[in-house]
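Residue numbers start from 1 in every chain, and the chains themselves are labelled A, B, ... in the order their sequence lines are given, proteins ahead of strands. All figures in this text were calculated on a predicted structure; none of them were measured in a lab.
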There are 2 protein chains.
Amino acid sequence: MGQSNGTEAVRPLRGEEERAWRALARALVVVPRVLEADLHAACGVTMTEYFVLVNLSEAPERRLRMSELADRGAMSLSAISRVVDALARRGLVERARCPSDGRGFLAVLTDAGLTLLEVAYPAHLRSVRAHVMRHLQGLDLEQFAQAVGRFARFDEDAARP
Amino acid sequence: MGQSNGTEAVRPLRGEEERAWRALARALVVVPRVLEADLHAACGVTMTEYFVLVNLSEAPERRLRMSELADRGAMSLSAISRVVDALARRGLVERARCPSDGRGFLAVLTDAGLTLLEVAYPAHLRSVRAHVMRHLQGLDLEQFAQAVGRFARFDEDAARP
DNA sequence: GGAGTATACTTGCTTTTGCAAGCATCTATC
DNA sequence: GATAGATGCTTGCAAAAGCAAGTATACTCC
């Protein structure tokens, strides 16, 4: 965005910074792919579909607005709209008009959707443990969570390093 | 893959594990998007195009086989093939037949490609520092790199947690 | 209470990418 | 040295997702 002009010198990464960044860059590509593959193998849903189902299952009355789903997942509304469509065609969710706002729509988790989650949730959890959490043993998880949680935050990272 | 059947009980994540995973899951979605946006704003190339250009610039004679590029980037050969096509259309790389193997093709970085990198590299570096590395201050970077570097490795993570 | 604007969602279009099939070339075996 | 299979790359096709334009409903100010 409004950073400086892009050609001035920037200190390159030091050795240990370089290694940390390379490891992370690789993880950014590989982890989503592996989790997606595991989930697909276990129950035939994509990560975004799973995300919608889980969020609905945790919501009061198992229902949420489209925009709420989009916000939580950092996905566009159009993506959510299509994912909910796809889930509705398979009977895993139903669409309903929002009673308090006629412009709004709700996605409602069906019993079939909940049943599918009973397979998908443990499968995904096992996958996350095996591919990710397992490797964090010995680290200070609170410190890790705080650091990673600050990545790409609008407020914090505009300032100079 | 060949894991157990997916319905057996799995211990849910503990509080600090949960927070670490949520932070990471968000980063997995948001970081690539932000870096991509910065890079595009700075010089109009995508991350995968940038990745190809950087790897070529570091290679002997500024040239690499398609398959070598694909391996390094954990991308499919078809994706690389198209990206190199796109770069070639813009004059940033050239294609050449591999002299030692008539089946193979090389992507060769042009002077124009190198010039573009002189803008793209510092822009990307600044972006990585601002959005990611900046937030790792205070952590043991070697330990972080080793842990993250083990994520989604085929060998390690088949075993039980 | 009506006109104009804002909001919620949907849909058409485009881009990116993986998979699978196809083609060219190389290698091994006879 | 000819034939069979393996390998390297390209290309057709389909899925996923963002942007922008369209539609329907709500809100605001007169």
Colleague: For nucleotides 7-14 of chain D, give me one character per nucleotide, 5' to 3': B if any protein heavy atom sits under 4.0 Å from the base, S if the only such contacts are to the sugar-phosphate, - if neither.
Modeller: BSBBBBB-
Colleague: Ion pair present between B/Arg33 and B/Glu36, side-chain N to carboxylate O less than 4.0 angstrom?
Modeller: no
Colleague: Report the residues that fulfil ring pair (Phe, Tyr, Trp, His ring centres under 6.0 Å) with A/Tyr121, sequence neighbours left out, ordered by chain and then residue number.
Modeller: none
Colleague: In plain terms, say whether B/Asp38 and B/Arg126 are close enough for a salt bridge, that is, a side-chain N and a carboxylate O under 4.0 Å apart.
Modeller: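 No, B/Asp38 and B/Arg126 are not salt-bridged.
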Colleague: What pairs meet the ring-ring contact (aromatic ring centres under 6.0 Å, His included) rule with one or both residues in residues 43-75 of chain B, with sequence neighbours excluded?
Modeller: B/Tyr50-B/His124
Colleague: Does C/dT16 have OP1 or OP2 under 4.0 Å away from a side-chain N or O of B/Thr48?
Modeller: no
Colleague: Rounded to whole Å, how long is the line connecting atom CZ of A/Arg33 with atom P of C/dT16?
Modeller: 17 Å
Colleague: Give a yes/no on whether any side-chain N or O of A/Arg97 is located under 4.0 angstrom from OP1 or OP2 of D/dA24.
Modeller: no
Colleague: Roughly how many Å is it from CE in B/Met47 to C1' in D/dG18, rounded to a whole number?
Modeller: 18 Å
Colleague: Got a sec, which pairs hit ring-ring contact (aromatic ring centres under 6.0 Å, His included) with one end in residues 78-107 of chain B, sequence neighbours left out?
Modeller: none
Colleague: Do any of residues 49-64 of chain A sit with a heavy atom less than 4.0 Å from DNA chain C, and if so which?
Modeller: none
Colleague: Can you measure B/Glu36 atom CD to D/dG18 atom P for me and round it to whole angstrom units?
Modeller: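 So the two atoms are 12 Å apart, to the nearest Å.
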Colleague: With rounding to the nearest 0.5 Å, note down the distance linking CZ in A/Arg129 to CG in B/Leu13.
Modeller: 5.0 Å
Colleague: Give every residue pair that meets the ring-ring contact (aromatic ring centres under 6.0 Å, His included) criterion with at least one member in residues 56-78 of chain B, sequence neighbours excluded.
Modeller: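 Pairs touching residues 56-78 of chain B that pass the test: none.
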Colleague: Would you call A/Arg72 and A/Glu68 a salt bridge, taking side-chain N to carboxylate O under 4.0 Å as the test?
Modeller: yes
Colleague: Mapping A/Met75 and A/Gly102 to their closest nucleotides on DNA chain D, which lands nearer the 5' end?
Modeller: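 Nearer the 5' end of the strand: A/Met75.
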